[in-house]
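Working notes, structure below.
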Amino acid sequence: MPGKGLEDVVAAQTSISDIDGKMGRLFYVGYDIHDLATNVSFEETIFLLHNLRLPTKTELDQINEQLTVERMPSPWIREMLPTLAKEASPMSMLRTTVSAMSAYDSDGWSSDDAANYRKSIRLCARIPSLVAWYDAQRNGRDLVDPNPKLSHAANFLAMLTGSEPSADDARIFDMCLTLHADHTMNASTFTARVVASTLADMHSAVTAAIAALKGPLHGGANERVMKMLLEIREPVRAEEFIKGKLAEREKIMGFGHRVYKTEDPRATHLRRMSQQLGEQRGDPTWFEISHEIERVVMEEKGLYPNVDFYAASVYYYLGIPIDLFTPVFSASRASGWTAHVREQHNDNRIIRPESEYIGPRGRIWQPIEERG
Ligand code: COA
């Protein structure tokens, strides 16, 4: 019987990403994440995850062009947006709009690989636009159109804030997107593959993945981390706060991981970015509180921060609203989800594990009047 929560179970074979949990290493298609984070753009990362190699200059130009063309949401989004901005939380908006996008997709219900690749690019291009427009709509600001001259990362920040980000901010956000792009059989990717394994379509699989990412034990952790930092307010209050939570046997969001037994390599970069942004902004508070929490959690529980911990302060410094942190995670992870859906479709067998029955046996039906 495998461990609870499918611990240690190999659920799929993949060529997309690989983790060495003991050594704290992450690879996309054989490239070390440290190498990728510092050297490639998110556009190159999308290409890598989908084509299992880095693009040539011409191929990079092509994928940039494809993403640029697909960034503008369809007209029906404008019609739905007022209702969604009023009634739906950001992740619910994303789940709903990605699901609805399937009805309007120019490739229809086709799931052949070429159609699935185009759908993947469309989803990667459009999810950031949906998030930015949702935020503008709910705050009564004008919807900013995508700017074809900007990179994927810079364009999102420009659509979200209404002004072009600095080159430093755009580069940092670009790196965040690459760091969050794929992570083996995490809960949302597994969900996407389960749905894809029934031969359901790309949008169904990504809709389900968004639903799985929403929870606080997965992508929802980054928002909770920031709320905790705001509640702590100053570094000197961190130790008492964390010890109090641990005494109540509460989990500290942004810590622990099923696979990593040492530092999550993505946290190494996010910690550095948080520190850098804190210094640049002249307000190191959020980095300093985070650093102090890290010290206390290590001392008390021996746990390392995961990707969501320092991502929280990085996004906050970049001016991203807290309840958009998890949608921003989706904007990046869509590249991995879609690559996994294609990989599953291209060598499919339905994912159908067993369960171990632990309920009663041998019961005899009774008429309803005799049941007590
Ligand atoms: N804070 C405090 N204790 C934690 C903890 C945390 N963030 N994460 C794990 N632990 C403790 C558990 O309480 C458990 O202790 P116990 O054996 O004394 O009961 C032990 O470490 C194992 O944790 P468990 O929840 O069984 O690990 P898991 O592999 O099932 O779960 C996570 C992995 C990521 C879901 C879990 O670490 C967690 O809930 N973290 C907080 C949420 C989060 O940051 N999620 C984002 C993941 S990228």
Side-chain angles (χ1 to χ4, degrees), residues 1-11 17-22 24-26 28 33 37 91 176-192 209-229 231-232 238-271 274 289-316 322-323 325-333 336-337:
M1 178 68 190
K4 197 173 173 188
L6 299 184
E7 183 166 0
D8 292 332
V9 171
V10 174
S17 62
D18 185 27
I19 299 173
D20 180 339
K22 283 202 189 83
R25 300 190 72 184
L26 167 63
Y28 294 168
I33 193 67
M91 282 300 276
C176 291
L177 293 175
T178 290
L179 290 172
H180 285 80
D182 197 51
H183 209 231
T184 72
M185 259 333 88
N186 60 89
S188 57
T189 303
F190 178 58
T191 304
I210 292 170
L213 189 76
K214 190 171 188 259
L217 296 188
H218 190 11
N222 54 15
E223 297 182 23
R224 312 251 170 156
V225 170
M226 195 61 226
K227 287 181 183 150
M228 171 173 74
L229 301 184
E231 195 180 339
I232 294 175
E239 180 162 357
E240 193 189 339
F241 181 96
I242 295 297
K243 285 185 172 167
K245 293 284 175 202
L246 291 175
E248 288 163 28
R249 300 194 60 76
E250 277 187 40
K251 277 188 167 173
I252 310 301
M253 290 292 120
F255 285 86
H257 201 273
R258 175 65 64 79
V259 185
Y260 292 117
K261 302 300 167 216
T262 180
E263 168 135 324
D264 177 333
R266 301 166 301 173
T268 313
H269 293 277
L270 290 158
R271 183 192 292 108
S274 172
I289 298 175
S290 306
H291 208 235
E292 182 60 1
I293 295 175
E294 185 182 355
R295 181 188 69 75
V296 178
V297 175
M298 176 49 72
E299 263 176 34
E300 296 292 311
K301 297 286 292 186
L303 289 171
Y304 294 87
N306 57 49
V307 71
D308 289 309
F309 186 63
Y310 281 102
S313 49
V314 168
Y315 291 164
Y316 195 71
I322 298 170
D323 64 355
F325 288 7
T326 313
V328 163
F329 191 158
S330 312
S332 164
R333 189 55 63 83
W337 292 331

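Just follow the structure's listing: the first ligand is 1, and inside any ligand the first atom is 1. Side chains are part of it too, since the values below use all heavy atoms of this structure and drop only hydrogens, waters and symmetry mates. Please read these numbers as outputs of a predicted model, since none were measured by experiment.
Near K301, the atoms of ligand 1 lying under 4.0 angstrom from a non-hydrogen atom of the residue are 3 (N). Shown in contact with A221 at under 4.0 Å from a heavy atom are these atoms of ligand 1, numbered in order with element: 43 (C), 44 (O), 45 (N), 46 (C).
Looking at V297 against ligand 1, nothing comes within 4.0 Å, counting heavy atoms. Residue-level proximity to ligand 1 for L217 is carried by backbone and side chain together, each with a heavy atom below 4.0 angstrom. At a heavy-atom distance under 4.0 Å, no atom of E7 approaches ligand 1.
In this structure, the salt bridge (Lys or Arg N to Asp or Glu O under 4.0 Å) partners of R271, at least two apart in sequence or on a different chain, are E263, E294. The side-chain contact (heavy atoms from CB on, under 4.5 Å) test applied to A187 returns H218, not counting sequence neighbours.
Counting heavy atoms from C-beta on, the side chains of Y316 and S274 never come closer than 4.5 Å. Put simply, the side chain of P327 reaches to within 4.5 Å of the side chain of E223, judged on heavy atoms. Side-chain contact check for M91 versus I210: some heavy-atom pair is nearer than 4.5 Å. Counting heavy atoms from C-beta on, the side chains of M228 and I252 come closer than 4.5 Å. Residues M226 and Y315 fail the side-chain proximity criterion, which asks for heavy atoms closer than 4.5 Å. Looking at heavy atoms from C-beta onward, D308 lies out of side-chain contact with F325 at the 4.5 angstrom threshold.
Counting only heavy atoms of the protein, atom 34 (C) of ligand 1 lies nearest to G256 O, 3.7 Å. The shortest contact between atom 46 (C) of ligand 1 and any protein heavy atom is with D308 OD2, 3.2 Å. Of the protein's non-hydrogen atoms, K251 NZ, 2.6 Å is the one closest to atom 25 (O) of ligand 1. Regarding atom 7 (N) of ligand 1, its nearest protein heavy-atom neighbour is I252 O, 2.7 Å. Ranking the protein heavy atoms by distance from atom 19 (O) of ligand 1 puts R249 NH2, 4.3 Å first. Here the protein heavy atom with the shortest distance to atom 30 (O) of ligand 1 is R258 NH2, 3.1 Å. For atom 40 (N) of ligand 1, the closest non-hydrogen atom on the protein side is F255 O, 2.9 Å.
Counting protein heavy atoms under 4.0 angstrom from atom 16 (P) of ligand 1 gives zero. The presence of a protein heavy atom under 4.0 Å from atom 44 (O) of ligand 1 is confirmed. In this structure, atom 23 (O) of ligand 1 has its sub-4.0 angstrom surroundings free of protein heavy atoms. For atom 36 (C) of ligand 1, the protein comes within 4.0 Å by at least one heavy atom. Within 4.0 Å of atom 27 (O) of ligand 1, not a single protein heavy atom is present.
A salt bridge does not link K243 to E240: none of the charged side-chain nitrogens sits closer than 4.0 Å to a carboxylate oxygen.
For the pair E250 and ligand 1, the shortest N or O to N or O distance does not fall below 3.5 Å.
Taking all heavy atoms of V307, N222, L303 into account, the minimum distance to atom 5 (C) of ligand 1 is reached by L303.
Not one N or O on the side chain of N306 forms a donor-acceptor pair closer than 3.5 Å with the backbone of Y304. Formation of a donor-acceptor pair under 3.5 Å by the S332 side chain with backbone atoms of A181 is found in this model.
Aromatic ring orientation, H291 versus Y310: tilted (interplanar angle from 30° to 60°).
Taking 4.0 Å as the cut-off, G254 counts as a neighbour of ligand 1 on heavy-atom distance.
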